[in-house]
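For reference, the structure is listed below as structure tokens.
All figures in this text were calculated on a predicted structure; none of them were measured in a lab. Just so you know, residue 1 is the first one in the sequence shown, and it goes up from there.
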Amino acid sequence: MLNIVGIDIGSVALSLVLLDENGIVINSSYQFHSGAISETLRLMLGNVDINRVDGIAMTLSGPDILPNISRYDTQIAIIAAVKQYYREVGSILFVGGENFGLITFSEQGDYESYRSNSSCAAGTGSFLDQQAKRLNLKSIDTLSTIAFCNQESSPKIATRCAVFAKTDLIHAQQEGYSIGQISDGLCEGLAKNVIDTLIPDQNIRTPLILAGGVSMNQAVVKHFQNLLDVKPVVGKYSHLYGAIGAGLLYLEERQPQKLKIKNWDELFIAEKKEKIYGYPPLQLLLSQYPAFISPESYLYTAKRNCADIEIDIYQPPKRQQEAYLGIDIGSTSTKAVLINENNDVLIGLYTLTSGQPVQALQALFETIEDISRCRNCAFLFHGVGTTGSGRKFIGRIINADLMIDEITAHARAAYELDCEVDTIIEIGGQDAKFTNMTNGMVTSSVMNNVCAAGTGSFIEEQ
């Protein structure tokens, strides 16, 4: 009996199937590769008996890491797989890790057209993966499950930008939406974004077959059905159609033979480790980069928050310490500092917001209480100020004395550190600002618009 290995390497996941000579799946595997494509593929092939394999086929979507292997167009492979399982096909909607597309067929079942997304990956599987991590959920499966189980209304989330979605997550949290409702809102936004891009008139040819990793997300499938008023067809192997199709195309075109290798490692191209650069590395010569160190720093695990609290002790607090508290509730992280009456920073605290600003703030307060208890000191607060995207919400909850926008807060702090400061470049989690000052007064300020490329979240997600 002939057996063929089909491989499809996507931007976030790798799928592998073992087919018999009739195109029936003997076994399969699907794993996220996290950029380690060669290593992941080696592990997956290690579970396949090389002596049972008569041929290998791949789609063209992945890198060329296996030389002399038959490769096939991904779109054609998906069509081949779908037609293997369904006699009638009106449309195929593929939603993967970084792209999505719609293949339509005529009434006679012939290929008619193909439409796909632009270079932006909004509305793809990667978007949901990022949001699951941002919400401190265990996996994308957890997000899918709690979203599918949600029976209440869901908030509107800006799914066209993975970074600006952070702001909407915070606003939704501020309005009292649960994690399940927020997750459902993310899935609905993704489905709507796909439809607006590919099917603006919402006129779809049926049967509609779903393909790609996102087809396993029940919540997204539910919203596709509600928005299109059509029940999509999701098969057992819908996330493996690329790999299956590559194997089927190989069976049609070639006469399989036993592999002339003893182990899977012989298939791979030897990687060249040495890199040649055209220019020497950059060096910091015109200024000194701060060390970002404090006399004492450690991590504290709060009961109310999944993320650890980073603590920096700059000056040991007195037994009766008069203090002012500043809180910055950002889309990515929540920070707090305690300063004394001379504006000296005593303690700095940092933790991830994770879409839950209230819990993040409670964790910081718990940390302050722990510092007070461990150091046998008492903090006497004379004032509390908030800034950041969640400043008004948190400020109202804790009855803050001041709720200040970030530009004003940055300007005041910069002037306190150096009264001659005339320029501030601030790069945050989702936005970047350029501020000019004269004698401590802000004269102009500009920030990025819709796209959040070039911000902290961009680096974090890479």
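Remark: the backbone N or O of G101 is not paired with any side-chain donor or acceptor of S116 at under 3.5 angstrom. The backbone N or O of I140 lies less than 3.5 Å from no partner atom in the side chain of S144, so there is not a single donor-acceptor pair. Listed for the S34 side chain is no donor-acceptor partner under 3.5 Å among the backbone atoms of A36. The backbone N or O of I179 sits less than 3.5 Å from a side-chain atom of S183, completing a donor-acceptor pair. Looking at R71, its side chain does come within 3.5 Å of a backbone N or O of G62 through a donor-acceptor pair. Judged purely by atom type and a 3.5 angstrom limit, R115 uses its side chain to pair as donor or acceptor with the backbone of L198. At least one donor-acceptor pair closer than 3.5 Å links the side chain of T353 to the backbone N or O of G330. Side chain of S61 to main chain of I9: a donor-acceptor pair is present (N/O by atom type, distance under 3.5 Å, no hydrogens or angles). In this structure, S238 contributes its side chain and A211 its backbone to no donor-acceptor pair below 3.5 Å. Under the 3.5 Å distance criterion, the side-chain polar atoms of R42 are left unmatched by any main-chain donor or acceptor of E39.
Taking the charged nitrogens against the carboxylate oxygens, K303 and E366 have no contact shorter than 4.0 Å, which rules out a salt bridge. A salt bridge is absent between E369 and R373; no separation between the charged side-chain nitrogens and carboxylate oxygens falls under 4.0 Å.
Between S154 and E188, the side chains place a donor N or O and an acceptor N or O closer than 3.5 Å (distance only, hydrogens not considered). With hydrogens and angles left out, the side-chain atoms of T301 and D308 include a donor and acceptor closer than 3.5 Å. Side-chain contact, T443 with N436: no donor N or O sits under 3.5 Å from an acceptor N or O.
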Cut-off 3.5 Å, no hydrogens considered: what does the side-chain donor-acceptor table look like for residues 309-322, sequence neighbours left out?
unit_1: D312; atom_1: OD1; unit_2: S294; atom_2: OG; d: 2.7
unit_1: Q321; atom_1: OE1; unit_2: K318; atom_2: N; d: 2.8
unit_1: E322; atom_1: OE1; unit_2: H382; atom_2: NE2; d: 3.4

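Closest approach of L66 to M58, counting heavy atoms only: CD1-SD, 3.6 Å. Contact record, S445 with T435: OG-OG1, 3.2 Å, taken as the closest heavy-atom pair.
The stretch residues 360-381 participates, sequence neighbours left out, in no ring pair (Phe, Tyr, Trp, His ring centres under 6.0 Å) pair at all.
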